[in-house]
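Note on naming: letters A, B, ... go to the chains in the order of the sequence lines (proteins, then strands), and numbering restarts at 1 for each one. Worth knowing before you read on, the calculation uses all heavy atoms, side chains too, and leaves out hydrogens, waters and symmetry mates.
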Amino acid sequence: MTPAPRALGRPLARRFYARDSLTVARAVIGRLLVRDAPEGRVAGRIVEAEAYRGARDPASHAYRGRTPRNATMFGEPGHAYVYFTYGMHHCLNLVTAHAGTPSAVLVRALEPVAGIELMRARRGVEAIEVLARGPGNVARALGLTLEHDGLDLARGPLWLSDLVPRRAGHRVARGPRIGIRVAAERPWRFFLEGHPCVTAPRRILARPG
DNA sequence: GTATCGATTAGC
DNA sequence: CTAATCGATACA
């Protein structure tokens with residue numbers, strides 16, 4: 001007898017993440033990201049993500065080798081790499097590829113699907129479009145901090161659903177990554193074109209020199 | 001040891 | 001446009 005279907009699906013297996021981060025970044029667009037916490041469950045569709053490619057990528061935290069901060073990226077795929085930046089924000093990445101190849105996908109924006117009131121409480125704003133728009137706001141809406149670095153995405157309580165990705169009538173587009181000063185020309189950002197929850201790039205950061 | 005800079009955000 | 005705010009990094 002088959003188990004009853006779960007409303008939000010089941011966690012994707014580790015093999016989903018065991019591919020190049022470019023492939024995974026494209027594949028996660030439209031997928032459901034679920035976070036189960038004592039306060040409740042929140043979920044959102046990934047509408048924007050970026051690939052970071054370790055030793056080949058000057059913009060990656062792992063470009064200069066392993067440090068205490070980026071250690072999770074050097075481990076098994078299918079884990080959460082959460083880091084702290086600008087003295088106040090956390091960002092969520094999905095570790096991809098394989099152990100020793102520090103690749104990851106930065107989750108840049110979600111379309112809220114469940115637990116919207118909890119997201120509003122965590123964020124202190126009401127509008128659906130801005131609840132999880134921007135990587136710092138994604139982590140905030142999901143209630144993620146450094147203590148969640150290393151969570152196993154294949155087991156929960158933070159996981160990607162195996163349900164068929166829904167693109168909500170939008171096309172998947174790609175373009176340059178946002179907020180970096182090096183390797184900014186590489187088109188490793190994927191997003192649902194025209195989706196209201198996708199970030200609007202403000203400006204190109206000036207390169208040093 | 002000191003100086004600088006973020007895979008950002010909100011506000012003016 | 002800038003302040004916020006601190007860990008990681010660069011350099012003396």
Please tell me if the side chains of [X] and [Y] come closer than 4.5 Å, counting only heavy atoms from C-beta onward.
X         : Y         : result
Arg45(A)  : Leu110(A) : no
Glu48(A)  : Thr199(A) : yes
Glu185(A) : Pro176(A) : no

Expressed in angstrom and rounded to an integer, what is the separation of [X] atom [atom1] from [N] atom [atom2]?
X         : N      : atom1 : atom2 : answer
Glu50(A)  : dA7(B) : CD    : P     : 11 Å
Arg69(A)  : dG7(C) : CZ    : P     : 12 Å
Leu146(A) : dG7(C) : CG    : P     : 10 Å
Tyr63(A)  : dT9(C) : OH    : P     : 14 Å
Tyr86(A)  : dA8(C) : OH    : P     : 16 Å
Arg66(A)  : dA8(C) : CZ    : C1'   : 16 Å
Met88(A)  : dA7(B) : CE    : P     : 14 Å
Arg177(A) : dG6(B) : CZ    : P     : 14 Å

Just wondering, are more than 12 heavy atoms of other shown residues or ligands nearer than 6.0 Å to OH in Tyr63(A)?
-> no
Tell me whether the OP1 or OP2 atom of dA7(B) has a side-chain N or O from His61(A) closer than 4.0 Å.
->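 For His61(A), the contact criterion (side-chain N or O under 4.0 Å from OP1 or OP2 of dA7(B)) is met.
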Give one of base, sugar-phosphate or nothing for Arg123(A), where a contact means two heavy atoms less than 4.0 Å apart.
-> sugar-phosphate
dG7(C) base stacked by Phe84(A) (centroids within less than 5.5 Å, tilt under 30°) | no
Do we get Arg19(A) above Tyr17(A)'s six-membered ring, with its NZ or CZ under 6.0 Å from the centre and within 45° of the axis?
->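 Judged by the rule (NZ or CZ under 6.0 Å from the ring centre, within 45° of its axis), Arg19(A) is not positioned above Tyr17(A).
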Validate the cation-pi geometry between Arg189(A) and Phe191(A): distance from NZ or CZ to the six-membered ring centre under 6.0 Å, angle to the ring axis within 45°.
->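 So Arg189(A) does make the cation-pi contact.
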For nucleotides 2-5 of chain B, give me every protein contact, N/O to N/O, under 3.5 Å, one pair per line with atom names.
none

Secondary structure of DNA chain C in dot-bracket form (Watson-Crick or G-U wobble, distances below 3.5 Å, | marking inter-strand pairs) | ||||.||||||.
For [X] and [Y], work out which heavy atoms get closest and say how close.
X         : Y         : result
Val130(A) : Asn137(A) : O-ND2, 4.3 Å
Ala37(A)  : Arg122(A) : CB-NH2, 3.7 Å
Val42(A)  : Ala141(A) : CG2-O, 4.1 Å

Measure from the side-chain N and O atoms of Asp149(A) to the backbone N and O of Val82(A), and report whether any donor-acceptor pair falls under 3.5 Å.
-> yes
Arg177(A)/Asp57(A) ion pair, N-O < 4.0 Å | yes
Salt bridge present between Glu126(A) and Arg120(A) (N-O < 4.0 angstrom) = yes
Pairs under 3.5 angstrom, nitrogen or oxygen only, protein versus nucleotides 10-12 of chain C, please.
from: dA10(C); atom 1: OP1; to: Arg64(A); atom 2: NE; distance (Å): 3.4
from: dA10(C); atom 1: OP1; to: Arg64(A); atom 2: NH1; distance (Å): 3.4

Under the side-chain hydrogen bond (donor to acceptor under 3.5 Å, both in side chains) rule, what pairs show up with a residue in residues 25-38 of chain A, not counting sequence neighbours?
->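 Output for this query lists Arg35(A)-His148(A), Asp36(A)-Arg41(A), Asp36(A)-Trp159(A).
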Of all residues at least two apart in sequence or in a different chain, which pass the side-chain contact (heavy atoms from CB on, under 4.5 Å) check with His61(A)?
-> Arg69(A), Asn70(A), Met73(A), Tyr81(A), Tyr83(A)
Residues in residues 124-137 of chain A with a heavy atom under 4.0 Å of DNA chain C, by number, are none
